[in-house]
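Numbering starts at 1 and runs along the sequence shown. Read the numbers this way: they start at 1 and go in the same order the structure lists the ligands and their atoms. Side chains included, hydrogens not; waters and symmetry mates left out as well; all remaining heavy atoms used.
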Amino acid sequence: MNARLDEKLEPIFQDVLHRNPGETEYHQAVHEVLETLGPVLVKYSEFADKKIIQRICEPERQIIFRVPWQDDSGEIQINRAFRVEFNSALGPYKGGMRFHPSVYLGIIKFLGFEQIFKNALTGLPIGGGKGGSDFDPKGKSDDEVMRFCQSLMTELYRHIGEYTDVPAGDIGVGGREIGYLFGQYKRITNRYESGVLTGKGLGWGGSLARKEATGYGTVFFTHEMLKARGDSLDGKRVVVSGSGNVAIYAIAKAHELGAKVIACSDSAGIIVDEDGINVETLKRLKEVERRRIKAYLEYHPKAKYTEHGNIWTVPCDIALPCATQNELNGNDAKTLVENGCIAVAEGANMPTTPEGIQLFQDAGLMYGPGKAANAGGVATSGLEMQQNASRDSWTFDYTQKRLEEIMIEIHKSCYETSVEFGAEGDYVLGANTTGFIRVAKAMNAMGVI
Ligand code: NDP
Ligand code: 2IT
């Protein structure tokens, strides 16, 4: 955390450090937002008087619980799960569940904090929340995943609901897990409450284009950044980290808009395919067979695999980090800049370290932070909630059109805010400020709650 904070904001940050010891990712996420809020407090002094920032930094509710389950050999396993209901000024808490062994309170709080502003940017009536568990789905059988999800929901059900808190997927949580979670919620409550979870399967309340939405949205946002400078995706070399839900559909949409994605990765290694990454192969390997990216070579022997390689050393015009937090550091940013990269858009949440962001901004790159660039996923979850509320289901084309309009609008409002605050093209300031002002105005109107 390099940039200095405004003198009004530094004590607020010190208090966050003091009250949330050891939660480094949460500290990082708060610092990044506070860095941009100085001018907002000058313009809206009532936000300072009413301690809006201090209140936003304290989650409305945090739930931590035990998840016991039995593995296939009959042994009892114990995981820990979280749901952080961060802010409900704009609507019910909304945000995904992450299943990954690295999950602890600090990760869920950073994600929940980001989600508040991201969700505000979508313009839809959704508050911010996040949850997850240190459960590792890798290597588990379907039955084990089912038993774990059922046990988790046996506690979580009492905290969520269509008008209260609406979870969805994130790392390690996709259609399979949402199915098991929804089934257990329905069974315990005896209610077919479609709007309690999003990312559901097609045919039982899910929305077309939700699976594709985050990756597609990130590429729509990238396209808008390029258009604002009279450029386009056509013919661009793109590198996408990760090979999960967000990465796959970012690659698909980048190809559709004329770019060539030449590299992707997983936590074990990177694939470079100069012919362009084959999306059908990726889908088969990752969505159906749940295998490692290395297996891509079996279908495309001319591609190159590097165990534990660094994807950011692959020269490209556009970089889309779509894996996880802090996956792109200052050195990586320097390499990308030196290799002529012109734009970075974050499909993942907080993938770039503060040093990396600073380097991109100093170099004048187009840099779209996750809160704006990956908001298409939660926005389409909002559209799924709309379809559930009206007991309707929309076509793929209509839903995708709505997603594209939302991404265009997010880009526009971030850009306009950057101009208003004298930092044209600074999407970090644009996203943080726009999202914050929307939440702060609602909180202010609702009194001290
Ligand atoms: P998936 O579980 O589908 O895929 C995650 C990908 O990232 C995998 O390739 C995984 O590799 C890699 N990865 C995850 N953790 C690590 C790690 N610690 N180190 C290295 N690689 C890692 O998740 P999603 O695609 O859904 O999520 C990716 C990112 O996008 C996350 O930051 C998530 O918060 C964000 N996001 C997701 C949204 C959604 O709708 N799903 C919406 C907005 C943001 P491996 O398989 O080897 O672990
Ligand atoms: O980080 C995110 O925005 C998500 N994982 C999606 C949240 C959602 O509720 O769809």
Are Phe82 and Tyr104 an aromatic pair, judged by ring center distance below 6.0 Å?
no
Flag side-chain contact, heavy atom, 4.5 Å: Gln115 against Leu111
no
Give the protein residues with at least one non-hydrogen atom closer than 4.0 Å to an atom of ligand 1, ordered by chain and number.
Arg98, His100, Lys118, Lys138, Asp170, Ile171, Gly172, Arg210, Thr214, Gly242, Ser243, Gly244, Asn245, Val246, Ser265, Asp266, Ser267, Arg292, Cys322, Ala323, Thr324, Gly347, Ala348, Asn349, Asn374
Hey, does Val272 have a side-chain heavy atom less than 4.5 Å from the side chain of Ile277?
no
Should the pair Phe99 and Phe148 be assigned to parallel (<30°), tilted (30 to 60°) or perpendicular (>60°) ring geometry?
perpendicular
Using a 4.0 Å cut-off on heavy atoms, what residues surround ligand 2? Order them by chain and number.
Lys94, Gly95, Gly96, Gln115, Lys118, Lys130, Ala168, Gly169, Asp170, Arg210, Asn349, Gly377, Val378, Ser381
Under 3.5 Å donor-acceptor pairs involving side-chain atoms of residues 400-409, not counting sequence neighbours:
unit_1: Gln400; atom_1: OE1; unit_2: Lys253; atom_2: NZ; d: 2.7
unit_1: Arg402; atom_1: NH1; unit_2: Tyr398; atom_2: OH; d: 3.3

Could I get the full list of side chain to side chain donor-acceptor pair (under 3.5 Å) partners for Glu23, not counting sequence neighbours?
Lys109
If the threshold is 4.0 Å, N to carboxylate O, is there a salt bridge linking Glu155 and Arg158?
yes
State, with a plain yes or no, whether a side-chain heavy atom of His159 is found less than 4.5 Å away from one of Thr164.
no
What's the spacing between Thr222 OG1 and His411 NE2 if we round to 0.5 Å?
9.5 Å
